[in-house]
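Only one structure is covered here, and it is reproduced in the block below.
Remember, it's 1-based here, ligands and their atoms both numbered in the order they're listed.
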Amino acid sequence: MKTYKIAVIPGDGIGTEVIEAGWMVLEAAAERYGFSLAATTFPWSCDYYLEHGRMMPEDGIETLRRFDSILLGAVGWPQRVPDSVSLHGLLLPIRKAFDLYVNARPHRLLDGVVGPLRAENFDILCIRENTEGEYSGAGGRIHVGTPDEVAVETSVFTRKGVERVLRYGFEQARRRKGKLASVTKSNAQKHSMVFWDEVTDLVAADYPDVAVTHYHIDAIAARFVMQPDSLDVVVASNLFGDILTDIGAAIQGGLGFAPSANINPSGGVPSMFEPVHGSAPDIAGRGSANPLATIWSGALMLDHLGEEAAATSIVDAMSRFTRNGAMRSPDQGGTAGTIDIARAIASDLS
Ligand code: NAI
Ligand code: MG
């Protein structure tokens, strides 16, 4: 039987609760589809930091490298550890070390979920460049604190970086409806974004079966709200993708539903799957978090590992669950607990 080695990092707050729920569904899917998941759980979190002075051990990255995938809950507890420490001590080093250059987030309404829009039939896969662009960290400040102070933050776009994320987008468009939206602001940013447009056209030549549209970020932000059903795959830079995916999470019913995948498509390193939401200290410890974002992230992990049928079965069971509507988590106006929801979905896999 095929066994996948999964590094599980529950993290902080509701991270531990939604991971327990997500894992229950993943194990049920594995059993049903004839493969096995071997989990090793790592306690790396803000608690770990307070005890050890670091978010993960010095050889944490090397430890993770041996796994097929990483499943992460959420990290952060701002009252006790500054977010800059928790984020830079765990999540960002993992993304960087394994060059997880694709951040992929599906945005669609599960059956029966009421979003804020009139449109219901949208199905967007947003792909955000995850390693460079506006978040490259290149820059500095001089004359700090004086009237002559200067702050410079430089976007970095490389041919390799832009081309590889677009290529991934085109591959996904081929598996879906065959449409790709390339997002820039090339009317105003005449160097980096014109470059992005050029690389888009170059890569597009290899995918004559995919219909490409160039959008400016402001126009596509409006389109996410007004005509989300006109979009399929959307590829954007780090900053633009960051903003668009928050709109995407909002229109799909909120953070309780939004899953994400941090992927290195060339393989050889573990990719990382996590809900978009954080550790939600305001509701942590009550067993009331909505686990659907994590369960969906687990399905994205199985799909990436090549277990497409099991992944589809999880998403289908989630859709039946939300369509039925009898059980809802508190963020959806109900009273169902995190584990009860997971149990209902795990027992209804087809
Ligand atoms: P958050 O996503 O944790 O919470 C925002 C709001 O959404 C809260 O009211 C929360 O109760 C609610 N919420 C989030 N997930 C939910 C779920 N599954 N079910 C029901 N309600 C849910 O964002 P916040 O409060 O800004 O950040 C809290 C901590 O999480 C911070 O330390 C932050 O840095 C960290 N964080 C970590 C992320 C990660 O690990 N990838 C992502 C975002 C934030
Ligand atoms: Mg964001």
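Of all the atoms in ligand 1, the ones that sit under 4.0 Å from a non-hydrogen atom of Trp77 are 32 (O). Residue-ligand proximity, Ile14 to ligand 1, at heavy-atom distances under 4.0 Å covers atoms 15 (N), 16 (C), 17 (C), 18 (N). The Ile283 neighbourhood of ligand 1 comprises atoms 11 (O), 20 (C), 21 (N), with distances under 4.0 Å to a heavy atom of that residue. Set against the non-hydrogen atoms of Gly76, the atoms of ligand 1 under 4.0 Å away are 32 (O). Heavy-atom contacts of Ala74 reach the following atoms of ligand 1: 40 (O) (cutoff under 4.0 Å). Every atom of ligand 1 with a heavy atom of Pro281 under 4.0 Å away is listed here by number and element: 28 (C). Against a heavy-atom cut-off of under 4.0 Å, Glu274 is close to the following atoms of ligand 1: 41 (N). Residue-ligand proximity, Ser279 to ligand 1, at heavy-atom distances under 4.0 Å covers atoms 3 (O), 28 (C), 29 (C), 30 (O).
Placement of Val203 and Ile127 within a single hydrophobic cluster is found when ILVMFWY residues are connected by side-chain heavy-atom separations under 4.5 Å, directly or transitively. In the hydrophobic cluster analysis, where Ile, Leu, Val, Met, Phe, Trp and Tyr join through side-chain heavy atoms closer than 4.5 angstrom, Val25 is grouped apart from Leu72. The hydrophobic cluster containing Met226 also contains Ile220, counting ILVMFWY residues as joined when their side-chain heavy atoms lie under 4.5 angstrom apart, directly or transitively.
Annotation: cation-pi geometry not satisfied between Arg223 and Tyr215 (NZ/CZ under 6.0 angstrom from ring centroid, within 45° of ring axis).
Checking Gln332 against Asn290 by side-chain atom types alone, no donor-acceptor pair falls below 3.5 Å. At a cut-off of 3.5 Å, with distance as the only test, no side-chain donor of Tyr101 or Glu132 sits close to an acceptor on the other residue.
Using 4.0 Å as the threshold, Asp282 has a heavy atom nearer than that to some atom of ligand 1. Remark: distances from the non-hydrogen atoms of Leu292 to ligand 1 are all 4.0 Å or more.
For atom 14 (C) of ligand 1, the nearest protein heavy atom (residue, atom name, distance) is His277 CB, 3.6 Å. Of the protein's non-hydrogen atoms, Val75 O, 3.2 Å is the one closest to atom 35 (C) of ligand 1. The nearest protein atom to atom 3 (O) of ligand 1, hydrogens excluded, is given as Ala280 N, 2.8 Å; this is a heavy-atom distance. From the protein, the heavy atom lying nearest to atom 32 (O) of ligand 1 is Asp83 OD1, 2.7 Å.
Taking the charged nitrogens against the carboxylate oxygens, Asp232 and Lys179 have no contact shorter than 4.0 Å, which rules out a salt bridge. Salt bridge status for Arg176 with Asp123: present, with a side-chain N to carboxylate O gap under 4.0 Å. Salt-bridge check for Asp68 with Lys2: failed, with every basic side-chain N at 4.0 Å or more from each acidic carboxylate O. Salt bridge annotation for Arg80-Asp12: absent, with no cationic side-chain nitrogen under 4.0 angstrom from a carboxylate oxygen. Remark: Glu134 does not engage Lys185 in a salt bridge, criterion side-chain N to carboxylate O under 4.0 Å.
The ring-ring contact (aromatic ring centres under 6.0 Å, His included) test with Phe67 singles out one residue from Phe273, Tyr4, Phe42, Phe98, and that residue is Phe42.
At a 4.0 Å heavy-atom cut-off, ligand 1 touches Asn290 through backbone and side chain alike. Residue-level proximity to ligand 1 for Leu91 is carried by the side chain, the only part with a heavy atom below 4.0 angstrom. Of all the heavy atoms of Asp12, none lies under 4.0 Å from any atom of ligand 1, so neither backbone nor side chain is involved.
For Arg159, the CZ atom is loosely surrounded, since the number of other residues' heavy atoms within 6.0 Å does not exceed 12.
Atom 41 (N) of ligand 1 is flagged as protein-proximal [any protein heavy atom, distance under 4.0 Å]. Shown here, atom 12 (C) of ligand 1 is out of close reach of the protein: none of its heavy atoms lies under 4.0 Å off. Put simply, atom 26 (O) of ligand 1 has no protein non-hydrogen atoms near it, under 4.0 Å away.
In this structure, of Leu255, Thr338, Asp331, the residue bringing a heavy atom nearest to atom 5 (C) of ligand 1 is Leu255. Comparing Gly11, Ala293, Gly278, Gly256 against atom 36 (N) of ligand 1, the shortest heavy-atom distance belongs to Gly278.
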